[in-house]
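Start at 1 with the first residue, then count along the sequence. Counting starts at 1 for both ligands and their atoms, in listed order.
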Amino acid sequence: MNTDDHVIEVTDLRRVYGGGFEAVRGISFAVGRGELFALLGTNGAGKTSTVEVLEGLARPTGGRVRVLGHDPYAERSLVRPRIGVMLQEGGFPSELTVGEAVRMWAGCTSGSRPTGEALELVGLGHRSRVRIKQLSGGEKRRLDLALALLGRPEVLFLDEPTTGLDAEGRVETWELVRALRASGTTVLLTTHYLEEAESLADRLAIMHAGRLAVSGTPAEVTATQPSQISFELPDGHHLGDLPPLGPLGVTAHETAGRTVKLRTDALQQTATRLLLWAQDAGVELRGLDVRSASLEEAFLRIARDVKQEDARRQDAPQQDALDKEKAA
Ligand SMILES: Nc1ncnc2c1ncn2[C@@H]1O[C@H](COP(=O)(O)OP(=O)(O)OP(=O)(O)O)[C@@H](O)[C@H]1O
C-alpha cells in the first residue's frame with residue numbers, strides 16, 4: 001500500500017504519564033484508507049493510552065502520530081471535524097432525552113447527519129423521547145455510537161463498542177460497522193472480544209505491556225501459532241502405535257485417556273500422513289478434529305509467551321549476579 005493511502009500513521013509512539021510510568025513503549029503501525037484495524041491487548045496493555053493520542057486528546061511523549069496527514073493534537077481543528085470518536089462513556093446528563101442529547105451534539109458537529117438518521121442507524125429511532133437514565137447499558141453504547149457517527153466521519157475510533165451489549169445487539173453493531181467500512185470509513189477498533197476482531201478486522205495488532213507483540217491479518221496472526229489435531233484411539237491402540245511423531249510434523253502432544261491431541265506447524269502434511277497411517281492400519285480415529293489455531297488461542301499464547309519473556313528478563317540480572325557470586 002502506498003504510504004499516501006495511510007489514514008493513520010504511528011511511528012515509535014511513546015506515552016509516559018505524570019508519575020513517570022511508561023504506558024506505551026515505542027509502537028509503530030499504519031492503517032490504510034477504508035481499512036478496519038483492531039487493537040487488542042491484555043488489561044492495561046496501553047490501548048486506550050494509544051487511542052487517546054490518535055484522537056488528539058493527549059500529546060505523545062515521544063514518536064510521531066499522523067491522522068489524515070495531520071498531527072491530531074497540534075492540528076486538532078483540522079482533524080477533529082473529520083473523525084468520529086466513540087468514547088467509553090458519552091458523559092451526557094442522564095436527565096436529557098436521547099433526542100435532546102443527539103441534537104445538542106449535532107449543534108457542535110459540522111456537516112451533521114439529520115439526528116433521526118443517526119438514531120435509526122444504531123436502532124434507537126424509537127427511543128428518541130426516552131431519558132438517558134432509562135436506557136439499558138447496551139442502548140447507552142448505541143447512543144455513544146450514534147453520536148460518533150453524526151459528523152459522517154472519514155475515520156471512526158471505536159473503543160470497546162460492544163461492551164455491555166447482548167449477543168443480538170453485538171451482531172447488529174457488527175453489521176453496522178461492516179456497512180460503514182464498506183462505504184469507505186476507516187475504523188480503528190479496540191476490543192476485548194477476540195471473535196469481534198476475527199470477524200471484523202482486516203488487520204489487527206496485539207498489545208502487551210506497552211508494546212506490539214504481533215500484528216497482521218487475523219490469518220497471519222493465527223498462523224504464528226500451531227494448529228491442532230485431536231482424536232480418540234479405539235480400544236487396544238496406544239500412542240506408541242502411531243508412526244514416529246517427529247517425522248509426522250508433530251511439535252507437541254498430550255493424551256488424556258484415549259484422547260490424543262497433536263500440535264503441528266504443517267497441518268495439511270501431518271493430517272495427511274496421520275490419515276494414511278489410519279487407513280493402512282485399519283484404525284478409526286473417532287471424533288477427529290483438525291483445525292488451525294483460533295485468534296483466542298493465539299492471543300492467550302502470545303500474552304503468556306511475552307509474560308514469560310518479561311519474567312526471564314527481570315530474573316536475568318539477578319541470575320547473573322548469583323552466577324558471579326558462585327564463581328567468586
Ligand atoms: N492517568 C494515568 N496515570 C498513570 N498511569 C495511567 C494513567 N492512565 C492509565 N495508566 C496506566 O497505563 C497503563 C495502560 O493503561 P490503558 O488504559 O492505556 O490500557 P488498556 O490497554 O486500554 O487497558 P484496558 O483493556 O484494561 O482498558 C495501565 O497500567 C494504567 O494503569
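Atoms of ligand 1 lying under 4.0 Å from any heavy atom of His192, numbered from 1 in the order shown and given with element: 25 (O). Against a heavy-atom cut-off of under 4.0 Å, Ser49 is close to the following atoms of ligand 1: 14 (C), 15 (O), 16 (P), 18 (O).
Annotation: Arg131, atom CZ; neighbour count of heavy atoms from other residues, nucleotides and ligands within 6.0 Å does not exceed 12. Heavy-atom contacts from other residues, nucleotides or ligands closer than 6.0 Å to CZ of Arg59 number 12 or fewer. The neighbour count for Gln134 CD, taken as heavy atoms of other residues, nucleotides or ligands under 6.0 Å away, is above 12.
Using a 4.0 Å cut-off between charged nitrogen and carboxylate oxygen, Glu232 and Arg258 do not count as a salt-bridge pair. Between Lys47 and Glu160 there is no salt bridge, since none of the side-chain N atoms of the basic residue sits less than 4.0 Å from a carboxylate O of the acidic one.
Considering backbone and side-chain atoms alike, Gly41 places every N or O at 3.5 Å or more from each N or O of ligand 1. Residue Ala23 has no N or O atom closer than 3.5 Å to an N or O atom of ligand 1. When only interatomic distances are considered, the shortest N/O to N/O separation between Phe21 and ligand 1 does not fall below 3.5 Å.
Residues Tyr193 and Val51 do not share a hydrophobic cluster, clusters being chains of Ile/Leu/Val/Met/Phe/Trp/Tyr side chains in contact below 4.5 Å.
Here atom 25 (O) of ligand 1 lies nearest to Lys47 when heavy atoms of His208, Glu160, Lys47, Glu22 are compared.
Put simply, part of Gly46 is less than 4.0 Å from ligand 1, judged by heavy atoms.
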